[in-house]
There are 2 protein chains.
Amino acid sequence: MENTIKVERAILSITQDELAKKIGVSRQTINSIEANRYVPSTVLALKLSEVFNKPVNAFFKLTEDD
Amino acid sequence: MENTIKVERAILSITQDELAKKIGVSRQTINSIEANRYVPSTVLALKLSEVFNKPVNAFFKLTEDD
DNA sequence: AGAAAATGTAAAGTATATTTGTCATATAGT
DNA sequence: ACTATATGACAAATATACTTTACATTTTCT
């Protein structure tokens, strides 16, 4: 799976720490997701959807290996 | 979080086992998600999105407690 | 250049997703 | 009523998300 969270975050001009606080996770969780170190839960995806005001499918996409 | 997977599955007229095989998980995983026993990963949500041919936000929604 | 803020990442611990196996109950078809 | 199929659910084991702490590197601002 790949994501464009870094881009969405840039659009809002907020830091990893600020985004983390908005959705109630640690900064490292945001950092790890942006770095594709692990796959977030659907609850987290929906919260990002709220913050970015876009559907989950807009910034999370399946890749070959999924 | 709440979901309408049971409904989407009924629309396609497939069993929990068939849906599980389509997205590569066990039948119990589908059963547990439908029963809200746990929150699936985003990869799983995207795969369901493909099978149902609908965006993730269409069948997964945040609730008060999220 | 130098200081402050932001990012990348790693390790250890905790929480939770997912699997496999199993059994009970419900539903559908004959 | 009988049989087969589908569903609900639990327990133990394994995998992985997420937290906290901590430190190094990079970027930004003056």
Side-chain angles (χ1 to χ4, degrees):
Chain A
M1 196 187 61
E2 58 187 11
N3 70 79
T4 54
I5 293 175
K6 200 165 190 164
V7 175
E8 298 299 335
R9 196 164 56 73
I11 292 175
L12 296 183
S13 297
I14 57 177
T15 68
Q16 293 182 342
D17 196 45
E18 285 166 344
L19 177 55
K21 275 166 183 140
K22 277 181 191 292
I23 67 179
V25 295
S26 71
R27 178 182 70 80
Q28 287 82 346
T29 293
I30 298 298
N31 186 290
S32 295
I33 292 169
E34 285 190 2
N36 283 306
R37 260 192 301 277
Y38 57 66
V39 175
S41 73
T42 299
V43 164
L44 226 156
L46 290 175
K47 286 183 177 174
L48 289 171
S49 177
E50 277 191 348
V51 173
F52 299 153
N53 202 33
K54 291 182 181 178
V56 170
N57 296 357
F59 49 91
F60 277 121
K61 299 252 162 75
L62 289 177
T63 50
E64 295 296 329
D65 54 305
D66 290 316
Chain B
M1 198 186 62
E2 59 187 10
N3 72 78
T4 54
I5 293 175
K6 199 165 190 164
V7 175
E8 298 298 335
R9 197 164 54 75
I11 292 174
L12 297 184
S13 297
I14 57 176
T15 68
Q16 292 182 341
D17 196 44
E18 285 167 343
L19 177 56
K21 274 166 185 141
K22 276 181 191 292
I23 67 179
V25 295
S26 69
R27 180 183 69 82
Q28 287 82 346
T29 293
I30 299 297
N31 185 289
S32 295
I33 293 170
E34 285 190 3
N36 284 306
R37 260 193 300 277
Y38 57 66
V39 174
S41 73
T42 299
V43 164
L44 226 157
L46 290 176
K47 286 183 177 173
L48 289 171
S49 177
E50 278 190 348
V51 173
F52 298 152
N53 202 33
K54 290 182 182 179
V56 171
N57 296 269
F59 49 89
F60 277 121
K61 300 251 161 73
L62 290 177
T63 49
E64 295 296 329
D65 53 306
D66 290 316

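Letters A, B, ... mirror the listed sequences (proteins, then strands); counts begin at 1.
Listed nucleotides D/dT19, C/dT22, C/dT20 differ in distance to B/Arg27; the shortest reach to its side chain belongs to C/dT22. Ranking C/dG8, D/dT20, D/dC10 by closeness to the A/Lys6 side chain, first place goes to C/dG8.
Using a 4.0 Å cut-off on heavy atoms, the residues of residues 29-59 of chain A that approach DNA chain D are A/Thr29, A/Tyr38, A/Val39, A/Pro40, A/Ser41, A/Leu44, listed by number.
C/dA6 atom C1' lies 17 Å from atom CG of A/Leu12, rounded to whole Å. Taking atom CG of residue A/Asp66 and atom P of nucleotide D/dT16, one finds them 13 Å apart after rounding to whole Å. The interatomic distance linking B/Ile23 (CD1) with C/dT19 (C1') rounds to 14 Å, in whole Å. Between the P atom of D/dC18 and the CG atom of A/Leu19 lies a distance of 13 Å, rounded to the nearest Å. To the nearest angstrom, C1' of C/dA17 lies 15 Å from CE of A/Met1. Between the P atom of C/dG21 and the CG atom of B/Asp17 lies a distance of 14 Å, rounded to the nearest Å.
Judged purely by distance below 3.5 Å, without hydrogens or angles, the side chains of B/Thr29 and B/Ser32 never pair a donor atom with an acceptor atom. Checking B/Thr63 against B/Asp65 by side-chain atom types alone, a donor-acceptor pair falls below 3.5 Å.
A salt bridge links B/Arg9 with B/Glu34: at least one charged nitrogen is closer than 4.0 Å to a carboxylate oxygen.
Summary for the helix from C/dA1-D/dT30 to C/dT30-D/dA1: the axes at its two ends, each from 5 pairs, differ by 70° when rounded to the nearest 10 degrees.
At the heavy-atom level, A/Thr15 lies under 4.0 Å from the strands shown only through sugar-phosphate atoms.
With B/Thr4 contributing its side chain and B/Val7 its backbone, the two residues share no donor-acceptor pair below 3.5 Å. Side chain of A/Asp66 to backbone of A/Met1: a donor-acceptor contact under 3.5 angstrom is found. Checking side-chain atoms of A/Thr42 against main-chain N and O of B/Val39 turns up no donor-acceptor pair under 3.5 Å.
Under 4.0 angstrom from either OP1 or OP2 of D/dT5 there lies no side-chain N or O belonging to B/Gln16.
Judged by distance alone, with hydrogens and angles left aside, B/Gln28 brings a side-chain donor or acceptor within reach of the base of C/dT22, the pair sitting under 3.5 Å.
To the nearest 0.5 Å, atom CZ of residue B/Arg37 and atom CG of residue B/Asn31 are 5.5 Å apart. Taken from NZ in B/Lys22 to CD1 in B/Ile30, the straight-line distance is 11.5 Å, to the nearest 0.5 Å. To the nearest 0.5 Å, atoms NZ (A/Lys6) and CD1 (A/Ile33) are separated by 14.0 Å.
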